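One structure is given below, encoded as structure tokens.
Not measured: the values here are computed from a predicted model. Below, read A as the first sequence line, B as the second, and so on, with proteins coming before strands; counting in each chain starts at 1.
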Amino acid sequence: MAKASYPFAEIEAKWQRFWHETGLFRCDTSDTSRPPYYVLTMYPYPSGALHMGHVICYSIGDSVVRYHLMRGENVLTPMGWDSFGLPAENAAIAARVPPAASAKRNIDKMRQQMIRAGWGYDWTREVACSHPGYYKWTQWLFLQFYKAGLAFKKMAPVNWCPSCQTVLANEQVHDSGCERCGTPVEQRDLEQWFFAMSRYAQRLLDGHAKLAGKWPDSVLKMQQEWIGRSEGARLDFTLSAPGTPLDGQGMPVFTTRPDTTYGVTFMAIAPEHPHVEKLLANNPRRAELLDVVKRLRMQSAIERTSEESKKEGIPTGHYVVNPFDASKAEIWVTNYALMHYGTGAVMGVPAHDQRDFLFAREYGIPIKVVIQPEGETLDPDTMPAAYIDPGVQVNSGPFDGMPNEEAKRAMTQYAKDHGVGDFTVSYRLRDWLLSRQRYWGAPIPIVYCDTCGEVPVPEDQLPVELPPNVEFKPTGESPLARCAEFVNATCPKCGGPARRETDTMDTFVDSSWYFLRYVTPRKDDGAFDRALCDAWLPVHQYVGGHEHATMHLIYARFFTMVLHDLGLLAFDEPFERLFCQGMVCAPAYRADCHCLKGTKEPVPEEQVSKHGDGTATRTSDGAPVVLDRQWLRPAEVDIEGLVRKSDGWPVRVEMAKMSKSKFNGVSPDELFEKSGADAVHSYILFVGPADQDVVYTDEGVIGIHRFLNRFWDAVTGWAERLRDVAQPPSAAQPSDPDSRALRRKAHQILKRVTDAFEPPFRFNTAIAGIMELTNELRDRAEKAGHPGAVKEALSLAVQCLAPFAPHICEELWGRLGGAPSIFRNPWPTYDAEAAKEEEIEVPVQVNGKLRSKVLVPAGVEAAALEAAALADERVKGLIAGKTVRRVVVVPGRLVNIVVG
RNA sequence: GCGAGAGUGGCGGAAUUGGUAGACGCGCAGGACUUAGGAUCCUGUGGGUAACUCCGUGCGGGUUCGAGUCCCGCCUCUCGCACCA
């Protein structure tokens with residue numbers, strides 16, 4: 001008879017119902033009889049469909065949850081929805097469905113998928129950040145920040161996405177483009193809301209000490225770079241700008257190279273620098289120069305990457321005075337000085353900074369060498385590049401002859417002593433721009449009154465609710481601004497007419513505290529319960545993607561620190577341990593073909609004329625042609641010949657993260673249908689280390705499905721026979737070798753699986769081990785003389801597999817006579833004695849090359865092992881007639897005989 | 001350019017951290033069975049060779065009795081950051 005698959009659909013439905021009805025994952029946070037364990041997986045954006053990225057993240061989380069349940073811990077395993085945000089609003093604009101309605105529909109759908117997937121969550125704790133019962137507290141938290149002076153409005157040059165019609169945080173700009181739509185970001189001066197995150201730069205850095213070894217190094221490194229601490233000096237130059245109000249004022253700079261201060265030959269300031277206008281006020285070429293400045297400002301984001309560090313600037317005709325030697329240096333407005341770092345003014349030292357060097361060469365600015373390398377003399381006229389390595393001070397007044405490393409300190413000290421500078425630290429981390437000119441987010445709870453000015457909404461008037469009916473066209477202004485009933489308010493202070501703030505908060509604000517809300521999700525007299533949070537957090541294990549290294553994971557840490565400092569929490573790091581899963585990749589097919597510009601009409605390669613300047617035209621009529629990169633559906637590709645079926649043009653294959661636009665995704669639902677949730681979970685954890693990218697293949701899932709079938713057959717085949725058999729007490733070792741071998745393997749694998757749950761998680765080798773144990777059962781169970789040993793091996797195999805393939809194991813556990821739920825039964829105890837090898841095969845090398853193997857009892861003495869090796873027939877033949885120079889014996893490992 | 005990580009069979013990946021390279025799975029080949037299934041069950045499977053054996057962890061050196069693992073110098077790929085003074 002053709003062998004049927006085990007009835008996974010039936011079993012999975014049965015146990016999902018059972019877990020739900022018995023409340024397996026419901027957490028009683030007041031139960032202190034068991035140690036708390038909080039497992040958190042990053043809550044998803046409710047796009048409407050699970051993808052494989054969710055599957056890997058939530059399967060990891062689920063395995064950890066189940067393992068810790070088996071360890072007898074009180075496990076908190078919540079799930080919720082990051083349901084505010086631009087995609088929902090854009091969908092609303094396109095489909096004319098209110099975001100709240102589409103969010104609800106998507107959430108309902110994804111919740112069903114998650115339940116079908118069998119992941120264990122405490123659904124009584126579900127939260128959605130777009131629910132007024134949630135964002136009321138997001139607003140409350142904003143007010144706490146506001147009261148503490150950590151939330152404020154300021155005018156600043158900001159990143160503006162012209163397509164999304166909103167500002168973006170620094171963290172949300174990638175490759176000078178909008179993180180969501182890729183549109184090049186523009187710089188605009190706007191008054192916006194910020195959190196004072198830069199004040200926490202050092203704290204965020206210091207906190208890493210606590211996280212070392214518990215968070216992936218890569219994430220800590222990325223954060224460290226993002227925070228960008230650099231030590232240096234503030235030096236106070238003085239403005240010499242006769243005829244302007246600035247004359248005689250100070251102009252401080254930040255530098256990491258105070259040792260080069262005598263080499264300053266110009267001063268570079270950012271085009272956004274507040275002094276620019278004043279410095280040009282009396283300039284005869286004022287209008288012309290201001291135009292250039294304007295252009296430089298526009299450049300900053302867009303052309304920077306394309307024009308690979310082309311230095312540009314204009315002279316202002318004014319000067320600064322060097323605090324060390326009173327020399328004068330002209331002030332230039334340049335595109336490479338950044339307003340948001342340091343002071344926006346950079347001392348130009350062309351001899352010892354490559355950027356300054358390029359700029360100086362471009363504009364004929366003098367170069368002055370102040371550091372000479374050992375045994376060499378730099379010539380300012382001929383040096384091909386800035387000299388940035390160590391050397392000795394020259395042309396540096398009293399510091400001549402001093403090694404420059406020493407001069408850094410000495411010169412800063414000098415500046416400090418003379419009141420013209422100090423030691424200082426600069427950070428790259430900027431304040432968090434949190435306002436968005438969009439509808440679908442938590443309204444910022446502020447009103448503006450003509451008499452009282454900016455007034456926070458009183459806490460008892462929260463939430464400031466989103467009005468349900470607004471026009472959703474993006475105009476650069478929040479849709480809320482056109483909603484009169486929302487905008488018009490009364491001033492909480494004077495009762496007079498006032499206008500509401502119409503910007504909403506970045507969704508990262510919502511996700512910066514959701515882990516606190518889960519502990520008391522329905523609490524209506526506070527955002528969170530301090531005592532319970534102190535008991536349950538920091539989150540014991542957090543699981544999510546790397547992509548949040550410098551966004552969510554910094555923001556959440558910042559929030560937690562602030563709440564700690566405000567006396568609202570006892571802890572200051574939100575996540576004790578972090579695991580970042582890899583991406584799920586699959587082959588994607590790409591055709592690079594020439595198309596008529598503005599259309600998708602392909603032009604055959606031989607009809608394309610390419611011109612030297614990168615443009616191309618169609619040979620026949622000179623119509624412009626552009627290179628178009630198209631991702632193809634697998635059905636469009638002849639995989640064998642790797643050409644596009646329609647026209648036979650070559651196609652490239654590329655491993656890429658699954659995505660809709662690349663047509664290389666698979667639907668988790670379909671996989672659950674075909675192979676079962678257990679097979680999908682186990683597959684995704686088996687295919688490779690969970691923190692590395694995995695390449696998905698159908699065959700792999702089928703392979704695991706086959707394994708689960710074999711596993712099912714192995715256990716059910718014995719279940720009846722062994723129903724009433726007791727397991728052997730570990731002290732009484734069975735006498736027959738097969739029974740002993742089974743016990744040995746079973747306990748070895750138990751250890752391996754147990755260890756796999758210690759970070760870094762190694763689920764792939766754990767599952768491989770369970771396969772080995774299953775193979776061992778196949779080979780030995782029938783021969784084993786001790787039914788107790790067989791039963792023990794089967795039980796251990798089922799328990800070890802349970803965190804990865806929970807449904808099938810729950811069923812098999814019952815069939816072996818265990819009481820449900822398997823997850824309420826304690827994790828088995830490892831028996832080191834049973835796991836010990838009895839005999840081992842020791843390799844014997846002659847001159848480092850493997851020549852033979854000897855079988856010896858485990859734990860054999862070095863001398864006996866050496867004797868056994870030398871007595872080996874093959875070895876004897878190889879060393880006959882030669883001098884044995886040395887014998888290296890590593891007990892239990894190998895013997896190496898060195899002959900000469 | 002800077003920072004991090006990775007290069008092992010036809011493929012995904014193992015290897016107790018200096019000690020039998022290729023666990024486990026996929027794929028492939030042969031066989032058994034068949035109610036034709038994404039079957040199942042045996043057997044084999046790094047490469048060369050008839051064989052003894054030899055060669056094999058990106059490349060070139062080195063340390064060592066012994067190197068995938070450590071050191072030096074390269075190459076390639078991936079991911080971050082990218083005029084940060």
Summary of salt bridge (Lys or Arg N to Asp or Glu O under 4.0 Å) pairs that have at least one residue in residues 683-707 of chain A, sequence neighbours excluded: Asp691(A)-Arg762(A)

Does Lys311(A) count as lying over the ring of Phe359(A), i.e. NZ or CZ under 6.0 Å from the six-ring centre, within 45 degrees of the axis? no

If the P atom of G7(B) is compared with that of A82(B), how far apart are they to the nearest Å? 28 Å

Choosing from A85(B), U53(B), U20(B), which nucleotide comes nearest the side chain of Arg851(A)? U53(B)

I'd like to check the side-chain contact (heavy atoms from CB on, under 4.5 Å) partners of Ala690(A); sequence neighbours left out, ordered by chain and number. Ile60(A), Phe579(A), Phe763(A)

Are any side-chain N or O atoms of Thr260(A) and backbone N or O atoms of Gly263(A), one a donor and one an acceptor, separated by less than 3.5 Å? no

Mind checking Arg885(A) for me? I need base, sugar-phosphate or nothing, with any heavy atom below 4.0 Å counting as a touch. nothing

Check ring-ring contact (aromatic ring centres under 6.0 Å, His included) between His552(A) and all other residues, then give those that pass, not counting sequence neighbours. Tyr542(A), His548(A)

Which value, in whole Å, describes the distance between the C1' atoms of nucleotides C24(B) and G31(B)? 24 Å

Give one of base, sugar-phosphate or nothing for Ser675(A), where a contact means two heavy atoms less than 4.0 Å apart. base

Nucleotides 62-73 of chain B: protein proximity per nucleotide (B base, S sugar-phosphate only, - neither; heavy atom, under 4.0 Å): ---BS-------

Within the structure, does a side-chain N or O atom of Lys849(A) lie under 4.0 Å from either OP1 or OP2 of C55(B)? yes

For G46(B), glycosidic torsion class - syn if within 90° of 0, otherwise anti: anti

Those residues that, when tested against Val887(A), pass side-chain contact (heavy atoms from CB on, under 4.5 Å) (two or more places apart): Glu866(A), Val884(A), Val889(A), Val895(A), Ile897(A)

Evaluate Gln224(A) against His208(A) for side-chain hydrogen bond (donor to acceptor under 3.5 Å, both in side chains), listing each step before the verdict. CA-CA 9 Å; Gln224(A) 205 178 319; His208(A) 283 175; 4.8 Å; no

I'd like to know if the side chain of Thr343(A) reaches the main chain of Pro252(A), judged simply by a donor and an acceptor atom lying under 3.5 Å from each other, with no hydrogens or angles considered. yes

Looking only at C26(B), A21(B), G25(B), the nucleotide nearest the Glu699(A) side chain is C26(B)

If we take the P atom in both G10(B) and G56(B), what is their distance in whole Å? 16 Å

Mind checking if Arg752(A) touches a base, just sugar-phosphate, or nothing, with heavy atoms under 4.0 Å? nothing

Nucleotide C52(B), atom P - distance to CG of Leu878(A) in whole Å: 13 Å

Select base, sugar-phosphate, or nothing to describe what Gly700(A) touches, counting heavy atoms under 4.0 Å on all strands. nothing

Given side chains that start at C-beta, do those of Val701(A) and Lys674(A) come closer than 4.5 Å, heavy atoms only? no

Check nucleotides 11-18 of chain B against the protein and report each pair of N or O atoms closer than 3.5 Å, with its distance, or say if there are none.
unit_1, atom_1, unit_2, atom_2, d
G12(B), O2', Val687(A), O, 2.8
A14(B), OP1, Asn764(A), ND2, 3.1
U16(B), O2, Arg893(A), NH2, 2.7
U16(B), N3, Arg893(A), NH1, 3.0
U16(B), N3, Arg893(A), NH2, 2.3
U16(B), O4, Arg893(A), NH1, 3.0

Remember a base hit wins even if backbone is also touched, and classify Lys674(A) as base, sugar-phosphate or nothing at under 4.0 Å, heavy atoms. base

Met347(A) or Trp226(A): which one's nearest nucleotide on RNA chain B is closer to the 5' end? Trp226(A)

Syn-anti status, with the boundary at 90° from 0, for the nucleotide U17(B): syn

Whole angstrom is fine here: how far is it from CE in Met655(A) over to C1' in A6(B)? 16 Å

Nearest-angstrom distance, P atom, G13(B) to A6(B): 13 Å

Interatomic distance where CD belongs to Glu772(A) and P belongs to G25(B) [whole Å]: 8 Å

Using atom P in both nucleotides, what's the gap between C55(B) and G68(B) to the nearest angstrom? 13 Å

Taking the side chain as every heavy atom from C-beta outward, state whether Val753(A) and Phe804(A) have any pair of such atoms under 4.5 Å apart. yes

For Ala549(A), is there any backbone N or O sitting under 3.5 Å from a side-chain donor or acceptor partner on Gln223(A)? yes

To the nearest angstrom, how far is Leu220(A) atom CG from C79(B) atom P? 21 Å

G46(B) versus A29(B) - spacing of their C1' atoms, nearest Å: 16 Å

What's the closest nucleotide to the side chain of Arg710(A) if the choices are G25(B), U20(B), A85(B)? G25(B)

Gap in Å between the two C1' atoms, one belonging to G25(B) and one to G38(B), rounded: 16 Å

Please list, one pair per line, the donor and acceptor atoms closer than 3.5 Å that link side chains of residues 837-846 of chain A to other protein atoms, with sequence neighbours excluded.
unit_1, atom_1, unit_2, atom_2, d
Glu837(A), OE2, Gln748(A), NE2, 2.9
Glu838(A), OE1, Arg740(A), NE, 3.3
Glu838(A), OE1, Arg740(A), NH2, 3.1
Glu838(A), OE2, Arg740(A), NE, 2.5
Glu838(A), OE2, Arg744(A), NH2, 3.2

Under the ring-ring contact (aromatic ring centres under 6.0 Å, His included) test, which residues partner His275(A), sequence neighbours left out? His273(A)

Listing time: all N or O pairs from protein to nucleotides 43-45 of chain B that are below 3.5 Å?
none

Does a nitrogen or oxygen in the side chain of Arg706(A) sit under 4.0 Å from OP1 or OP2 of U40(B)? yes

Checking Thr334(A) side chain against Gly313(A) main chain: does a donor-acceptor pair fall under 3.5 Å? no

Provide the distance between the two C1' atoms, one in G58(B) and one in G9(B), to the nearest whole Å. 15 Å

Side chain proximity check, Lys408(A) to Pro258(A), heavy atoms < 4.5 angstrom: yes

Per-nucleotide pairing state of RNA chain B [Watson-Crick or G-U, under 3.5 Å; [ ] pseudoknot-crossing; | other strand]: (((((((..(((......[....)))((((((.......))))))((......))..(((((..]....))))))))))))....

Whichever of Gly769(A) and Ile702(A) has its nearest RNA chain B nucleotide further upstream toward 5': Gly769(A)

Pairing residues for Arg752(A) by the side-chain contact (heavy atoms from CB on, under 4.5 Å) criterion, not counting sequence neighbours: Ile749(A), Glu772(A)

Would you say that Phe672(A) contacts Asp669(A) through its side chain, given a criterion of any heavy-atom pair below 4.5 Å between the two side chains? yes

Whole-Å gap separating P (G19(B)) and CD (Glu866(A)): 21 Å

Taking C-beta and beyond as the side chain, do Arg257(A) and Asn404(A) meet within less than 4.5 Å on heavy atoms? yes

Quick check against the 3.5 Å criterion: does Thr883(A) have a side-chain atom that pairs as donor or acceptor with the backbone of Arg885(A)? no

Please list, for nucleotides 3-5 of chain B, all pairs of protein and nucleotide N/O atoms separated by less than 3.5 Å.
unit_1, atom_1, unit_2, atom_2, d
G3(B), O2', Glu225(A), OE2, 3.4

